[in-house]
Q: 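Quick one: the structure is below, and I'll ask about it shortly.
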Amino acid sequence: MTTDELKQFCTALPGAQAVLHGPPSNILVCEVSGKKFAYFKTSAPEQWRFSLRVSAERFIELTDMPGIKPARYMGRFHWVTIVDVARFPADYLAELVRDSYARAVASLTRAQRAAIA
């Protein structure tokens, strides 16, 4: 999956949108009702690295894989960074994004969840 395909996949989820945050953070955040579920780094040297939230079990599993590391500043909340999304299996990446999205939706209020559905 390319970076552009991944951006399209993230924004195609119900209620999801991409918000670009400029300097100093330089990130493209994928969020649903203000809750972020994934983001891309948009500046060098980490341009287009992709981060998302995973379960505690998957965090341990994924951070043992080459090319995946705890997300800077967010690792303690079980966020991981995938250095090169093109080398990561597309099906597994889509599953991780859907799981992160579901976690974000679950943290919304009942009214916000109803507005998305």
Q: Do you know which two heavy atoms are closest between Ile116 and Pro14, and how far apart they sit?
A: CG2-O, 3.5 Å
Q: When rounded to the nearest 0.5 angstrom, what distance separates CZ in Arg98 from CG in Leu93?
A: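 The distance works out to 9.5 Å.
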Q: Restricting to non-hydrogen atoms, name the atom on Arg58 and the atom on Leu96 that form the minimum distance, rounded to 0.1 Å.
A: NH1-CD2, 3.4 Å
Q: Does any non-hydrogen side-chain atom of Val97 lie less than 4.5 Å from one of Leu13?
A: yes
Q: According to a 4.5 Å side-chain heavy-atom criterion applied to Ile, Leu, Val, Met, Phe, Trp and Tyr, with indirect links allowed, do Ile82 and Tyr92 form part of one hydrophobic cluster?
A: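 Cluster IDs for Ile82 and Tyr92 match.
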Q: Can you list the steps and then say if His78 with Arg103 is a side-chain contact (heavy atoms from CB on, under 4.5 Å)?
A: CA-CA 12 Å; His78 303 118; Arg103 290 174 177 278; over 6 Å; no
Q: Give the minimum heavy-atom separation between Val80 and Ile68, together with the two atoms involved.
A: CB-CG2, 4.0 Å
Q: Between Glu46 and Lys41, what is the shortest heavy-atom contact and its length?
A: O-CB, 3.4 Å
Q: Do Met74 and Lys36 touch side chain to side chain, with heavy atoms closer than 4.5 Å?
A: yes
Q: Heavy atoms, side chains only, cut-off 4.5 Å: are Leu62 and Phe88 in contact?
A: yes
Q: Can you find a heavy atom in the side chain of Tyr39 that is under 4.5 Å from one in the side chain of Leu52?
A: no
Q: Does Arg113 reach the main-chain N or O of Leu108 with its side chain, forming a donor-acceptor pair under 3.5 Å?
A: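 Such a contact is found between Arg113 side chain and Leu108 backbone.
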Q: Rounded to the nearest 0.5 Å, what separation is found between the CE atom of Met1 and the CG atom of Asp91?
A: 7.5 Å
Q: Looking only at heavy atoms, what is the nearest atom pair of Ser55 and Asp99, with distance?
A: N-OD2, 4.4 Å
Q: Sequence neighbours left out, what pairs pass salt bridge (charged side-chain N to carboxylate O under 4.0 Å, His left out) with at least one residue falling in residues 6-20?
A: Asp4-Lys7
Q: Of all residues at least two apart in sequence or in a different chain, which pass the side chain to side chain donor-acceptor pair (under 3.5 Å) check with Ser51?
A: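 Result, side chain to side chain donor-acceptor pair (under 3.5 Å) vs Ser51: Thr81.
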Q: Quick one: pull up OG1 in Thr2 and CH2 in Trp48 and give me the separation to the nearest 0.5 Å.
A: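 Between atom OG1 of Thr2 and atom CH2 of Trp48 there are 11.0 Å.
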Q: With clusters defined by side-chain heavy atoms of hydrophobic residues (ILVMFWY) lying less than 4.5 Å apart, directly or transitively, does Leu6 cluster with Ile27?
A: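 They do not share one cluster, since no chain of ILVMFWY contacts under 4.5 Å joins Ile27 to Leu6.
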Q: In terms of the angle between their ring planes, are Phe40 and Phe50 parallel, tilted or perpendicular, with boundaries placed at 30° and 60°?
A: tilted
Q: Where do Trp79 and Phe37 come nearest, in terms of heavy atoms and distance?
A: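 Shortest heavy-atom contact: CH2-C, 3.7 Å.
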Q: Are the side chains of Tyr101 and Cys10 in touch, meaning some heavy atoms are under 4.5 Å apart?
A: no
Q: Mind listing the side-chain donor-acceptor pairs of residues 15-26 below 3.5 Å, one per line with the distance, residues two or more places apart or on another chain?
A:
{"residue": "Gln17", "atom": "NE2", "partner": "Glu31", "partner atom": "OE2", "Å": "3.2"}
{"residue": "Ser25", "atom": "OG", "partner": "Gly22", "partner atom": "O", "Å": "3.2"}

